[in-house]
Amino acid sequence: MPFGIDNTDFTVLAGLVLAVLLYVKRNSIKELLMSDDGDITAVSSGNRDIAQVVTENNKNYLVLYASQTGTAEDYAKKFSKELVAKFNLNVMCADVENYDFESLNDVPVIVSIFISTYGEGDFPDGAVNFEDFICNAEAGALSNLRYNMFGLGNSTYEFFNGAAKKAEKNLSAAGATRLGKLGEADDGAGTTDEDYMAWKDSILEVLKDELHLDEQEAKFTSQFQYSVLETITDSVSLGEPSVHYLPSHELNRNADGIQLGPFDLSQPFIAPIVKSRELFSSNDRNCIHSEFDLSGSNIKYSTGDHLAVWPSNPLEKVEQFLSIFNLDPETIFDLKPLDPTVKVPFPTPTTIGAAIKHYLEITGPVSRQLFSSLIQFAPNADVKDKLTLLSKDKDQFAVEITSKYFNIADALHYLSDGVKWDTVPVQFLVESVPQMTPRYYSISSSSLTEKQTVHVTSIVENFPNPELPDAPPVVGVTTNLLRNIQLAQNNVNIAETNLPVHYDLNGPRNLLANYKLPVHVRRSNFRLPSNPSTPVIMIGPGTGVAPFRGFIRERVAFLESQKKGGNNVSLGKHLLFYGSRNTDDFLYQDEWPEYAKKLDGSFEMVVAHSRLPNTKKVYVQDKLKDCEDQVFEMINDGAFIYVCGDAKGMAKGVSTALVGILSRGKSISTDDATELIKMLKTSGRYQEDVW
Ligand code: FAD
């Protein structure tokens, strides 16, 4: 095997890939079989034949999306809405997961495809069918299809926009005609929104010509019938994470009254946080260790998986949002799709307050696209002019809005000088503001030692607004929620702290009382080699060390059980490169020496500090070079390499450092060493869990 790749590990990796595939299919199958009693994700029409659904519903444009975390879905919906608002097209916007594509060649309309790339150039989990179909389509099989495509990717990954490029290549080989250029959003460069705007503007020009469209002043048409209800009943959501938690819904429970799964993106488990603690010793930054108890849920996780945490918005931000739109949080409303191909994005009926607190992403950066669709609701002519100008000028938008870290409410308040935007319909907000999505965390416990408890290690996002020193700090939703819980749970009087934001910790109908949060586990393929004698190199600065704490705990438990059984196992070298600013933010500092002792010298840690006083900044990449001979020898001996943490700078820097080490060690060119690293990645011997 090249580079000493171990046969056992290959077999296990192949098994893992298969298991992941089966798992993925299991999810799709489950979602397909799910009845639509309250399942908001189910599309009303059960028909999976894409051409038939388009034709039966008299659609004259189709937008498809294949989304992993919701971004592709978000952009697909924005694009669809713009086609409706500007050209009055009758657009169907659909998740590829919900349809079969054998009839794709018969779809009588132009198709826009939004596709995210996940992992090593992979299609999103829900796109298995779609990928299968287009990759196996014969030459000429799609000769009637006219499409355009927008890929969502990250250039810090090896296979940038790999899924979109693969889809594009296969569609073209099957004879389909692409209209306009392939769009490639780059999250790594932080330009997704601007990449989309540039692609969209060029595609709209192409479509205008192709379809002879006349542009009208954008006019919002809701996809839903909105009605106001009088009373809160058991079927009105107060922000429950899924319909399963409404009092009207009969929960599937075990004998101890614990809810039964499966738990996933459509239904989280309400997990008690049994312990949480602050990991940093400095006063200016925080990192929270939280332990979620999954007992009774039947959720199984493996070391290296991710935990998805479902947050709610801070009360201050909810208040600010309600205020700028002059909304009454108590209003109870219902939404009914006006079209069978549309789904309601969250449990309804609900209240305006609950929707804003639990279901909409109200705190993140505001997009230029949203500005252009808000022009129609500007409270006066001056604001309308300003909004129009900013929506067209990306540089001015960057200066006036993005660089100030404005969220929607901040931006609108700034534009109108506090005048309320009270003509914006609730349906517009529901359809235009992104949906709240769970945040993922690399699990820092080991399923061998903590079977029922999942640990996560989260750095709290909270920093002063660089452009506006007097404005409130810029904060992350979930990490500040975890910090609020940590303080409350450890009996700190929150009123006496200077927390930047506060939360309703009890949740809807007290569902989250006593420190609970909705969670689900997402499988990853970040796994230790199955053969314990295989050497392992781990590189994880900051919270990137999280899964490696899990890995090392796993090896400790394994060795202890082997010793107990009288087996004499020798572990391969486990070398961890860790980095922090100084000793105040050295994560799990007290635990590592214990692990080293228990692992009989097979575990070694190399630490880089980047902000020690009067000392040169040192990063993990530098330490890799310092340990060049050892690292090279380990790779030559078949070591598995793992990188976790920051995707932007660190992962690239590490890859470059390793290319250098291989090139010098093997006396080969940098290009050849780069190819070797690529091979290691493709074969699973170099794994990244970066974000
Ligand atoms: P968000 O609310 O999502 O905000 C994100 C960022 O935007 C923050 O920095 C926030 O300050 C900033 N922001 C807020 N408002 C604005 C605005 N108006 N304009 C511009 N910027 C704004 N993180 C960890 O700490 N530990 C882990 O182990 C870990 N593992 C991960 C594993 C995976 C697979 C992935 C994808 C991510 C992982 N992350 C991890 C990152 C994590 O998922 C979250 O992204 C992170 O914790 C921030 O979440 P948040 O809800 O607090 O911030």
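Side chains included, hydrogens not; waters and symmetry mates left out as well; all remaining heavy atoms used. Both ligands and their constituent atoms are indexed starting at 1 by order of listing. Not measured: the values here are computed from a predicted model.
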(request) Check whether the side chains of Asp293 and Gln452 place a donor and an acceptor atom closer than 3.5 Å, and report yes or no. (result)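 No - no donor-acceptor pair under 3.5 Å links their side chains.
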(request) State, without any angle test, whether Ser580 and His609 hold a side-chain donor-acceptor pair at a distance under 3.5 Å. (result)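 Ser580 vs His609: donor-acceptor pair found between side chains.
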Atom pair [atom1]/[atom2] of [X] and [Y] - distance to nearest 0.5 Å:
X	Y	atom1	atom2	answer
Phe397	Ser391	CZ	OG	9.0 Å
His520	Phe269	NE2	CZ	14.0 Å
Tyr578	Phe586	OH	CZ	6.5 Å

For ligand 1, find each of its N or O atoms that sits under 3.5 Å from a protein N or O atom, and tabulate the pairs with distances to one decimal place.
from, atom 1, to, atom 2, distance (Å)
ligand 1, 2 (O), Arg439, NH2, 3.2
ligand 1, 2 (O), Val477, N, 2.9
ligand 1, 3 (O), Arg439, NE, 3.0
ligand 1, 3 (O), Arg439, NH2, 3.1
ligand 1, 9 (O), Glu461, OE1, 2.8
ligand 1, 15 (N), Thr363, O, 3.1
ligand 1, 18 (N), Thr363, O, 3.1
ligand 1, 18 (N), Gly364, O, 3.3
ligand 1, 18 (N), Tyr405, O, 3.1
ligand 1, 18 (N), Phe406, O, 3.3
ligand 1, 25 (O), Ile459, N, 3.0
ligand 1, 26 (N), Thr457, O, 2.8
ligand 1, 28 (O), Ser442, N, 3.2
ligand 1, 30 (N), Ser442, N, 3.1
ligand 1, 30 (N), Ser442, OG, 3.3
ligand 1, 39 (N), Tyr440, O, 3.3
ligand 1, 39 (N), Trp691, NE1, 3.4
ligand 1, 43 (O), Tyr440, N, 3.4
ligand 1, 43 (O), Tyr440, O, 2.6
ligand 1, 47 (O), Tyr441, OH, 2.7
ligand 1, 51 (O), Arg439, NE, 3.0
ligand 1, 51 (O), Val477, N, 3.4
ligand 1, 51 (O), Thr478, N, 2.8
ligand 1, 51 (O), Thr478, OG1, 2.8
ligand 1, 52 (O), Val477, N, 3.4
ligand 1, 52 (O), Thr478, N, 3.3
ligand 1, 52 (O), Thr479, N, 2.9
ligand 1, 52 (O), Thr479, OG1, 2.6

(request) Mark yes or no: Lys681 above the aromatic ring of Tyr686, with NZ or CZ under 6.0 Å from the six-membered ring centre and no more than 45 degrees from the axis. (result)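 Yes, a cation-pi geometry holds between Lys681 and Tyr686.
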